[in-house]
Protein chains: 2
Amino acid sequence: MLSGATEDYLKTIFSLTRDSGRAGTKDIATKLGVSQASVTGYLQRLAGAELPLIDYRKREGAALTEEGRRKALRVIRNHRLLETFLHRMLGFSWDRVHDEACRLEHVISAEFEEKLDALLGYPTHDPHGDPIPGRDLDMPINSRIALAELEPGEEAVVDRVSDSDPELLSYLGKHAILPGTRLTVKAVSPFDRNMKLCVEKKRGTIVLGPLVTRQIFVERNA
Amino acid sequence: MLSGATEDYLKTIFSLTRDSGRAGTKDIATKLGVSQASVTGYLQRLAGAELPLIDYRKREGAALTEEGRRKALRVIRNHRLLETFLHRMLGFSWDRVHDEACRLEHVISAEFEEKLDALLGYPTHDPHGDPIPGRDLDMPINSRIALAELEPGEEAVVDRVSDSDPELLSYLGKHAILPGTRLTVKAVSPFDRNMKLCVEKKRGTIVLGPLVTRQIFVERNA
DNA sequence: CAATGTACTTAGGATAGACTAACTTCGCTG
DNA sequence: CAGCGAAGTTAGTCTATCCTAAGTACATTG
């Protein structure tokens, strides 16, 4: 069995290698909240194991092996199933599910995972709109288009919202900006990139800064 | 926050001090599956903390302080709520809930505990019949009368079954011996203490040895 | 009351996972 | 191309939790 720490490293490397091909020591350290030296040590250990979960090269960072990728996806699947459960069945607000799921994801059995999946009706997306890998660990591709990239006049539907900042989630929730919400870009101020948005059928508009609009991912209106 | 190990020690000491006033090093070691030396060391550390959770005296074993008792009851509450959830909502069989709950009990938040309690409708007993401490950590007293103590002719209702052996639970489950099941003692063989029982409305009888009948606790028929 | 067995403790050490401090690499800039 | 800064590594520690081996305390029993 993998330790919780190992699972956290795998999850982090997985998400960092979505864009760049390799995850750097510093980025991993920042995401995990540990020192760079700790990361170097841990990566060396992981890469030197019998069945290595990562491929690590000095000063070039880490990438997941096929085995590592599978383990990472299993943890991500657990995490997102749990988030969905916490939100839908226990009534946790969507800004509180992340931390709880981060602790639970390391201790549930495969049997728990399967039964929870069934109880929830085999959900495909978690409360933030992130896709849930299936039992086969296939994961649908999610939108990579940040709201910040849209031009005035464009319409879009919110696909997902970064789950990293609870404060942000709470704020957006209050303004009904959730996966599925339809938005229209009314204006973008030239220097600060503030965006004036019309939110679906809701009365009025809202202005969001670029730190926010870069955390919201959308599908351009078909 | 307490570590999982500390919570396990507290839980174990709690259950061992139900009967005897103090928990001995050896019994704790056996229950936890660690060496006696580890237990001695751990108890010393726990007792020497700022706010000690246990009272430890050399060669006399450990007892919980009021604070330790409260923490122990919180863990037991988590454990039993989780067992109830696993059985009732996820459909785990009653012999599989214990191990899963043992891992989950250390990582759930107070918010999770409360919301789960509400979702389950504030249950008072877990699937084995053990009482669930309430939010105030009050715990109803459960039956201490082992089935093994009954005489031929007596009738009783199963109150709870020890959850320590999954094999036993599976076996008893197959024969419909669960909390609430009504039993009649038909005969007790004099030397081996085998007990011939009539199980409620079920066809036929069953013979159980003393290793089994000592794990089943009952209420004598009113 | 000495011998013995069981329960308990001490001493010394292992491992996982983290830290700080100090050093190395390397790309970029002037 | 020397120098600087950021990223990365090494070395040495620390804490939690466990271990084995060896010794101690105490009750029982001949």
Side-chain angles (χ1 to χ4, degrees), chain A residues 1-13 15-17 19-64 68 71-72 75 102-103 105-107, chain B residues 1-13 16-17 19-63 68 71-72 75 102-103 105-107:
Chain A
M1 207 45 209
L2 302 183
S3 72
T6 299
E7 294 186 338
D8 283 338
Y9 275 95
L10 294 178
K11 221 178 28 159
T12 302
I13 295 166
S15 83
L16 288 173
T17 47
D19 327 278
S20 33
R22 304 202 137 246
T25 305
K26 193 185 178 208
D27 290 344
I28 298 171
T30 306
K31 265 222 176 194
L32 286 176
V34 301
S35 72
Q36 281 190 57
S38 301
V39 173
T40 300
Y42 211 100
L43 295 183
Q44 288 171 345
R45 213 152 53 70
L46 277 184
E50 355 63 64
L51 203 160
L53 300 168
I54 65 165
D55 164 42
Y56 166 69
R57 297 188 220 140
K58 256 193 199 177
R59 282 166 223 283
E60 289 180 52
L64 296 176
K71 305 273 192 195
V75 182
C102 273
R103 278 174 282 118
E105 67 191 7
H106 307 299
V107 303
Chain B
M1 207 45 211
L2 302 183
S3 71
T6 298
E7 293 186 338
D8 283 338
Y9 274 95
L10 294 179
K11 221 177 29 158
T12 301
I13 295 166
L16 288 173
T17 48
D19 328 276
S20 34
R22 308 204 133 243
T25 306
K26 192 183 178 210
D27 291 344
I28 298 171
T30 305
K31 265 222 175 195
L32 287 176
V34 300
S35 72
Q36 281 190 55
S38 301
V39 173
T40 300
Y42 210 102
L43 294 182
Q44 287 170 346
R45 210 156 52 70
L46 278 183
E50 356 63 65
L51 202 159
L53 299 168
I54 65 164
D55 164 41
Y56 166 69
R57 298 188 219 139
K58 255 191 199 176
R59 281 164 221 284
E60 289 181 51
K71 306 274 190 194
V75 181
C102 272
R103 278 174 282 118
E105 67 191 7
H106 306 299
V107 302

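Residue numbers begin at 1 in each chain, while the letters A, B, ... track the order of the sequences. Bear in mind that the values here come from a model prediction, so they are computed numbers and not experimental data.
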What does nucleotides 7-17 of chain D look like as a protein-contact string, B for base, S for sugar-phosphate only, - for none, at under 4.0 angstrom between heavy atoms? SBBB-----SS
State, to 0.1 Å, how close B/Glu105 and B/Glu7 come at their nearest heavy-atom pair, and which atoms those are. O-OE1, 4.2 Å
Which heavy-atom pair separates A/Thr17 from A/Ala23 by the least distance, and what is that distance? CG2-N, 3.6 Å
Toss me the dot-bracket line for DNA chain C: Watson-Crick and G-U wobble, both under 3.5 Å, 5' to 3', using | for pairs to another strand and [ ] for crossers. ||||||||||||||||||||||||||||||
If we ignore hydrogens and angles and just use 3.5 Å, is the side chain of B/Tyr56 paired with the main-chain N or O of B/Tyr42 as donor and acceptor? no
Taking the side chain as every heavy atom from C-beta outward, state whether A/Ile28 and A/Val34 have any atom pair closer than 4.5 Å. no
I need the CG-C1' distance between A/Asp8 and C/dA18, as an integer number of Å. 14 Å
Using side-chain hydrogen bond (donor to acceptor under 3.5 Å, both in side chains) as the criterion, list what pairs up with A/Asp27, not counting sequence neighbours. none
What are the two closest non-hydrogen atoms of A/Leu64 and A/Ala72, and how far apart are they? CD1-CB, 4.0 Å
What I want to check is whether the side chains of A/Ser15 and A/Lys31 have a donor and an acceptor closer together than 3.5 Å. yes
Minimal non-hydrogen separation, A/Lys11 against A/Cys102, with atom names: NZ-SG, 3.8 Å
